[in-house]
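Reading through the structure tokens given below for one structure.
Predicted model, so just to flag it, every value in this text is computed and none were measured.
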Amino acid sequence: MDPIIRTLPPPSSLSVSVVSFLNTKLNAKEDLEQAPALLSELRTQCHILDQNLSDLNTQLRNYLINHAAHSDRTGALLHDIDAKLGDLQLASSSSSSDGGSGKVLGEELPALAKEVARVDTVRTYAE
């Protein structure tokens with residue numbers, strides 16, 4: 001047997017789509033002359049598909065990194081707001097016993113509203 005000529009695996013080991021493709025492209029004995037060009041075309045297409053897959057994996061990794069960064073920042077902001085709300089609650093309850101709750105709420109509430117608006121802006125951007 002000539003070392004250049006290779007035989008195909010048994011048709012039972014090939015998928016239906018591969019058998020159909022081979023039957024379409026290599027239907028007659030004369031079609032075998034086009035086999036080298038077909039092989040080259042298939043290799044080129046496989047290379048292009050591999051490159052596209054690599055590019056998509058890179059793009060997905062970048063999206064996931066960006067999402068994680070936004071998620072971390074949003075979590076930190078929410079934690080900060082929770083701490084500030086806790087501080088406000090403590091300040092409000094301690095000052096209500098001495099009659100100064102109006103002053104605390106008057107000073108802290110605008111700052112809290114500004115912080116909530118900032119977190120909402122970050123959340124909207126992250127979405």
Side-chain angles (χ1 to χ4, degrees):
M1 180 184 231
D2 189 348
I4 296 176
I5 298 175
R6 292 183 232 158
T7 59
L8 292 173
S12 60
S13 70
L14 301 173
S15 71
V16 174
S17 60
V18 169
V19 171
S20 174
F21 174 81
L22 291 174
N23 283 338
T24 302
K25 294 291 185 176
L26 304 172
N27 194 21
K29 189 171 186 169
E30 297 79 29
D31 294 336
L32 291 177
E33 294 172 6
Q34 300 301 320
L38 178 62
L39 177 62
S40 176
E41 180 184 341
L42 290 173
R43 284 185 174 154
T44 300
Q45 289 179 3
C46 285
H47 176 73
I48 290 169
L49 289 172
D50 286 341
Q51 186 61 48
N52 288 342
L53 182 59
S54 176
D55 293 345
L56 288 170
N57 279 329
T58 300
Q59 189 177 16
L60 177 62
R61 184 178 62 245
N62 290 337
Y63 286 148
L64 290 173
I65 289 169
N66 287 337
H67 175 72
H70 289 299
S71 180
D72 288 346
R73 281 185 288 212
T74 303
L77 288 171
L78 290 174
H79 179 72
D80 188 41
I81 287 174
D82 185 49
K84 287 181 179 183
L85 285 173
D87 292 346
L88 179 62
Q89 184 179 15
L90 285 174
S92 174
S93 64
S94 68
S95 63
S96 66
S97 62
D98 64 9
S101 66
K103 181 182 178 208
V104 171
L105 287 178
E107 293 174 2
E108 296 287 329
L109 202 51
L112 180 61
K114 187 183 284 188
E115 188 68 22
V116 169
R118 186 169 70 96
V119 168
D120 188 50
T121 301
V122 170
R123 181 189 55 78
T124 302
Y125 176 75
E127 289 175 354

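- Other residues, nucleotides and ligands contribute only 12 or fewer heavy atoms inside 6.0 Å of the CD atom of E33.
- V122 approaches L77 most closely through the heavy-atom pair CG2-CD1, 3.6 Å.
- Cluster partners of L53 are absent, since no Ile, Leu, Val, Met, Phe, Trp or Tyr has side-chain heavy atoms less than 4.5 Å from it.
- L60 pairs in a side-chain contact (heavy atoms from CB on, under 4.5 Å) with only one of the listed residues (N62, T58, L64), which is L64.
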**Study point:** Stepwise side-chain hydrogen bond (donor to acceptor under 3.5 Å, both in side chains) check, Q59 with D55
**Key:** CA-CA 6 Å; Q59 189 177 16; D55 293 345; over 6 Å; no

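- Checking side-chain atoms of T121 against main-chain N and O of A117 turns up a donor-acceptor pair under 3.5 Å.
- A distance of 10.5 Å separates CG in L38 from CG in L32, rounded to the nearest 0.5 Å.
- Atom CG of D80 sits about 5.5 Å away from atom CD of E115, to the nearest 0.5 Å.
- For the pair D120 (side chain) and V116 (backbone), a donor-acceptor distance under 3.5 Å is absent.
- Expressed to the nearest 0.5 Å, how far NE2 of H47 lies from CZ of R43 amounts to 13.0 Å.
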Point to revise | side-chain contact (heavy atoms from CB on, under 4.5 Å) assessment of Q45 paired with E41 | key: CA-CA 6 Å; Q45 289 179 3; E41 180 184 341; 3.2 Å; yes

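- From L14, atom CG reaches atom CG of L22 across 6.5 Å, with rounding to the nearest 0.5 Å.
- Put simply, the side chain of T44 gets close to the backbone of S40: a donor and an acceptor are under 3.5 Å apart.
- With side-chain heavy atoms closer than 4.5 Å counting as contact, directly or through intermediates, I65 stands alone and belongs to no larger hydrophobic cluster.
- For D87, there are no salt bridge (charged side-chain N to carboxylate O under 4.0 Å, His left out) partners at least two apart in sequence or on another chain.
- In this structure, OG on S54 lies 12.5 Å from CG on L49, to the nearest 0.5 angstrom.
- For T24, the side-chain contact (heavy atoms from CB on, under 4.5 Å) criterion is met by S20, not counting sequence neighbours.
- With sequence neighbours excluded, the residues that form a side-chain hydrogen bond (donor to acceptor under 3.5 Å, both in side chains) with H70 are R73.
- Listed by chain and residue number, nothing satisfies the salt bridge (charged side-chain N to carboxylate O under 4.0 Å, His left out) test with K25 (two or more places apart in sequence, or in another chain).
- One distance of note links CG of L56 with CD of Q51; it measures 10.0 Å at 0.5 Å rounding.
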